[in-house]
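So that the names make sense, note that chain A is the first sequence line, chain B the second, and so on, each numbered from 1.
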2 protein chains.
Amino acid sequence: MAAALSELEKEVVNIFVRIAGLLSLPRSVGELYGVLFISPEPMCIDDLMRKLKISKGSTSQGLKILRSFGAVNPVYVAGDRRDFFTAEAELRKIVAGFVNEQIRPHLNNGKERMMRIESLLIEETPDRKEFIAERMERLQGWQKRANALLPFALNFIKPE
Amino acid sequence: MAAALSELEKEVVNIFVRIAGLLSLPRSVGELYGVLFISPEPMCIDDLMRKLKISKGSTSQGLKILRSFGAVNPVYVAGDRRDFFTAEAELRKIVAGFVNEQIRPHLNNGKERMMRIESLLIEETPDRKEFIAERMERLQGWQKRANALLPFALNFIKPE
DNA sequence: CAGATTGTTCATAAAATAATGAACGATCTG
DNA sequence: CAGATCGTTCATTATTTTATGAACAATCTG
C-alpha cells in the first residue's frame, strides 16, 4: 500500500505542480492536489506523505491551503479516525474559491490605495498634475475592466 | 535631478509592485514600471537606478523583462547616447504581450503532457482505468475552457 | 586610436519562500 | 485515566528566487 508514484501519476502530478507555479502556490500544494485528483479512493495525510515523500508538516499545511479555497473535500470514512480527502473536480468551485480567497483581497487593497493617491495629487505642480491625473484615470480604467472581467470569467466556466 | 521617490510616486510604485507579485515577476520589475508609468518624461537606466536605489544589473534585467512583453517602449532622445524608455500605457498591448510570452508556453507544454498520459493509461487495471479516464477527460475540458477564455479575455480589453 | 561612456552578463551575496520534524494539544480507546 | 493516535504549529533548515556589482563588449568622442 501507498507505493511510490507510478509513471502516470508522476505525469499528472507534474501538470498540477506547473499550475501551482502559475498561481504562486507552493509546489507541494500542486503535488497533493495531483495525487488526489487521480486517486479513486479518498486519501488521508499519511497516505499522501508516503506517496509523495514529503513531511507531515508540508502535507498538513498543503491540505489547509487546498481546503481554504475548496479544492479538496473532507470525506468521512467509517471506522477510521483519520481525516480523508478527495479532490474537488468541479472547476468552477475551485476557481471561485481561489478568486475569493487569493485574488479579491488584493483588488480591494488597490482601491484604497487609489483613494490615497488622489489626495496626494493636490500637491503636485500644475504640469505634472495634468499628466499624472491622466495616468490615474487610465489606471482606474484598468481596475474597472479587471473587476468586470472577473465575474464574467467565473460565469464562463459553466457548471458541468 | 533624480530625487528620491515622492510620496505619490511611492504609492504608485507600490501598486505595480503588488501586480508584479500577482504575476510572479520580480519586485524590481514592478518598481521600474511604476516609476515609468508616472513619469512624464522618458527615463534612462541611470535615472531609474538612482530613483529606485537599485543596482544597474537589476535595472538592466528588469527593463529586459518589461521589453520582452512590450510593457515599455524605447524612445529616442536627441543628443543623448543613452537608451530611454517610457511605459506602454495601453493595457491591451501589455496583456497580449504578457500572455504570449509568459502564459502560452506553459499551456502548450500541458498539451504534450496530456498526450503522454493517454499512452500511459493503457497499462492500468480496468477499474482504475475507468476512473482515471474520466478524470483525464475532465482535465481536457478544463484545458479547452482555459484556451477559449484567453482570446476572449484579450478581446474584452477593448482598444483605448 | 586612447580613453570614456553605456548596457549586458554572470558569479556571488542577500533575501524570500517552502519544507522539515519535533513539540504540542486534542481526541479516541480500552 | 493512561496510553496511543492524529493533526497542527512553528522554530529551524534547505531551497529557490532576486539583487548586486565587477568584468566585459560595444559604441562613441575627440
Side-chain angles (χ1 to χ4, degrees), chain A residues 1-2 5 13-14 16-36 42-68 72-86 102 106, chain B residues 1-2 5 13-14 16-36 42-68 72-86 102 106:
Chain A
M1 229 272 150
L5 270 66
V13 166
N14 203 305
F16 288 106
V17 166
R18 279 164 188 278
I19 295 178
L22 280 179
L23 303 177
S24 307
L25 292 171
R27 168 192 191 81
S28 63
V29 169
E31 295 179 312
L32 290 166
Y33 185 83
V35 168
L36 288 172
M43 298 178 80
C44 66
I45 287 195
D46 219 53
D47 296 335
L48 291 164
M49 292 180 54
R50 283 212 302 271
K51 196 109 196 166
L52 290 167
K53 288 178 187 132
I54 61 180
S55 69
K56 193 152 66 130
S58 284
T59 310
S60 174
Q61 290 199 166
L63 286 171
K64 188 178 177 182
I65 292 174
L66 287 168
R67 265 175 291 156
S68 81
V72 127
N73 296 125
V75 166
Y76 172 70
V77 170
D80 200 317
R81 183 138 76 86
R82 294 171 297 178
D83 300 345
F84 284 77
F85 300 91
T86 54
Q102 322 266 324
H106 292 274
Chain B
M1 231 268 149
L5 271 68
V13 166
N14 203 305
F16 287 105
V17 165
R18 278 164 189 277
I19 295 178
L22 279 179
L23 304 177
S24 306
L25 292 171
R27 169 192 190 81
S28 62
V29 168
E31 295 179 312
L32 288 166
Y33 186 83
V35 168
L36 287 172
M43 297 179 80
C44 65
I45 288 195
D46 219 55
D47 297 335
L48 291 164
M49 290 179 56
R50 283 214 301 270
K51 196 111 197 165
L52 291 168
K53 286 179 188 132
I54 62 180
S55 70
K56 193 152 66 130
S58 283
T59 310
S60 174
Q61 290 199 165
L63 286 171
K64 188 177 175 181
I65 292 173
L66 287 168
R67 265 176 291 157
S68 81
V72 126
N73 296 126
V75 166
Y76 171 68
V77 170
D80 200 318
R81 185 137 78 85
R82 295 169 297 177
D83 300 344
F84 283 77
F85 299 90
T86 54
Q102 322 266 326
H106 292 274

Output the rounded distance in Å from CE (B:Met49) to C1' (D:dG21).
9 Å
Would a 4.5 Å heavy-atom cut-off, applied to side chains only, mark B:Phe85 and B:Pro74 as touching?
yes
If you find the nucleotide of DNA chain D closest to B:Arg81 and the one closest to B:Gly57, which residue's nucleotide is nearer the 5' end?
B:Gly57
OP1 or OP2 of D:dG7 versus the side-chain N and O atoms of A:Ser60: is any pair under 4.0 Å?
no
The side chain of B:Pro26 is closest to which nucleotide in this list: C:dA19, D:dA19, D:dG7?
D:dA19
Rounded to whole angstrom units, what separation is found between the CZ atom of B:Phe84 and the P atom of C:dG7?
8 Å
From NZ of A:Lys56 over to C1' of C:dG21, roughly how many Å is that when rounded to an integer?
9 Å
Hey, is the side chain of A:Lys64 poking within less than 4.0 Å of OP1 or OP2 on D:dT9, counting only N and O atoms?
yes
Is there a side-chain contact between A:Thr86 and A:Leu36 in this structure, where contact means two heavy atoms from C-beta onward sitting under 4.5 Å apart?
no
Using a cut-off of less than 4.0 Å, is there contact between a side-chain N or O of A:Ser55 and OP1 or OP2 of C:dG21?
no
Between CE on residue B:Met49 and OG on residue B:Ser60, distance to nearest 0.5 Å
10.5 Å
Whole-Å gap separating P (D:dT8) and CG (A:Leu66):
12 Å
Between B:Arg67 and C:dT8, is there a side-chain N or O to OP1/OP2 distance below 4.0 Å?
yes
Checking C:dA19, C:dT6, D:dT20 against the side chain of A:Ser58 (C-beta onward), the nearest is C:dA19
Expressed in angstrom and rounded to an integer, what is the separation of B:Gln61 atom CD from C:dA11 atom C1'?
12 Å
Check every strand shown and say whether B:Leu63 touches a base, only sugar-phosphate, or nothing at a heavy-atom separation below 4.0 Å.
nothing
Taking the side chain as C-beta and beyond, is there a heavy-atom pair between A:Thr59 and A:Leu52 under 4.5 Å?
no
What integer distance in Å separates B:Ile65:CD1 from D:dT18:C1'?
10 Å
I'd like to check B:Val72 versus B:Leu32 (side-chain heavy atoms, cut-off strictly below 4.5 Å). Are they in contact?
no
Calculate the interatomic distance between A:Asp80 atom CG and C:dC28 atom P; express it in whole Å.
13 Å
Does the side chain of B:Ser28 get closer than 4.0 angstrom to OP1 or OP2 of D:dT18 through an N or O atom?
no
Could you state the CG-P distance from A:Leu48 to D:dC6, rounded to the nearest angstrom?
14 Å
